[in-house]
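This report concerns only the one structure given below.
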Amino acid sequence: MRKQEKIICNGCGKEIRSEDFLAVKKNWGYFSKKDTVIQEFDLCEECFDKIVKEFKIPVTEKEASELL
């Protein structure tokens, strides 16, 4: 859970005012080109949509049966 800090989209640089965004944290393992590096970024919904549009294999989508 994040503190009450401003969350800035790494894609467009705008402040994310919604609680709904993509937060990624990757801890690269041994034998990768980024051995032991931890990288983090946040994307707003618009930037997420732009990125996944470029995927060769589409993102899997399912309808949620329950909303929390």
Side-chain angles (χ1 to χ4, degrees):
M1 187 100 200
R2 289 176 180 263
K3 301 175 199 164
Q4 295 293 339
E5 63 189 49
K6 282 187 179 181
I7 299 170
I8 306 297
C9 176
N10 287 81
C12 64
K14 295 178 185 173
E15 182 178 352
I16 300 172
R17 297 187 180 272
S18 168
E19 291 182 16
D20 207 8
F21 62 95
L22 176 68
V24 176
K25 180 177 181 179
K26 173 61 179 159
N27 188 346
W28 294 97
Y30 295 114
F31 309 112
S32 73
K33 293 181 181 176
K34 297 171 186 66
D35 192 4
T36 70
V37 172
I38 299 172
Q39 293 180 319
E40 297 181 70
F41 64 89
D42 299 317
L43 291 177
C44 67
E45 188 173 1
E46 287 180 17
C47 288
F48 172 83
D49 289 341
K50 287 178 190 175
I51 289 172
V52 299
K53 226 183 253 188
E54 300 297 319
F55 286 0
K56 299 286 186 211
I57 301 170
V59 172
T60 302
E61 292 185 5
K62 298 178 185 178
E63 287 290 326
S65 58
E66 295 181 26
L67 298 177
L68 299 176

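Positions are given from 1, in the same order as the sequence printed here. What's counted below: heavy atoms across the whole structure, side chains too, no hydrogens, waters or symmetry copies.
- Expressed to the nearest 0.5 Å, how far CG of L22 lies from CD of E45 amounts to 10.5 Å.
- Cluster membership for I38 and V24, using ILVMFWY side-chain heavy atoms within less than 4.5 angstrom, is not shared.
- Note that the CG atom of D42 and the SG atom of C47 stand 11.0 Å from one another [nearest 0.5 Å].
- Dense packing is recorded around CD of Q39, with more than 12 heavy atoms of other residues, nucleotides or ligands lying under 6.0 Å away.
- Residues F21 and I8 fall into different hydrophobic clusters, defined by Ile, Leu, Val, Met, Phe, Trp and Tyr side chains chained together at heavy-atom separations under 4.5 Å.
- Nearest heavy-atom pair across K34 and W28 is O-CB, 3.1 Å.
- Considering every non-hydrogen atom in both C12 and C9, the closest pair reads N-SG, 3.5 Å.
- With rounding to the nearest 0.5 Å, the separation of CD in E40 from CG in N27 is 10.0 Å.
- For the atom pair C44 SG and K50 NZ, the distance stands at 7.5 Å (nearest 0.5 Å).
- In this structure, CG in L43 is found 6.5 Å from CG in N10, a value given to the nearest 0.5 Å.
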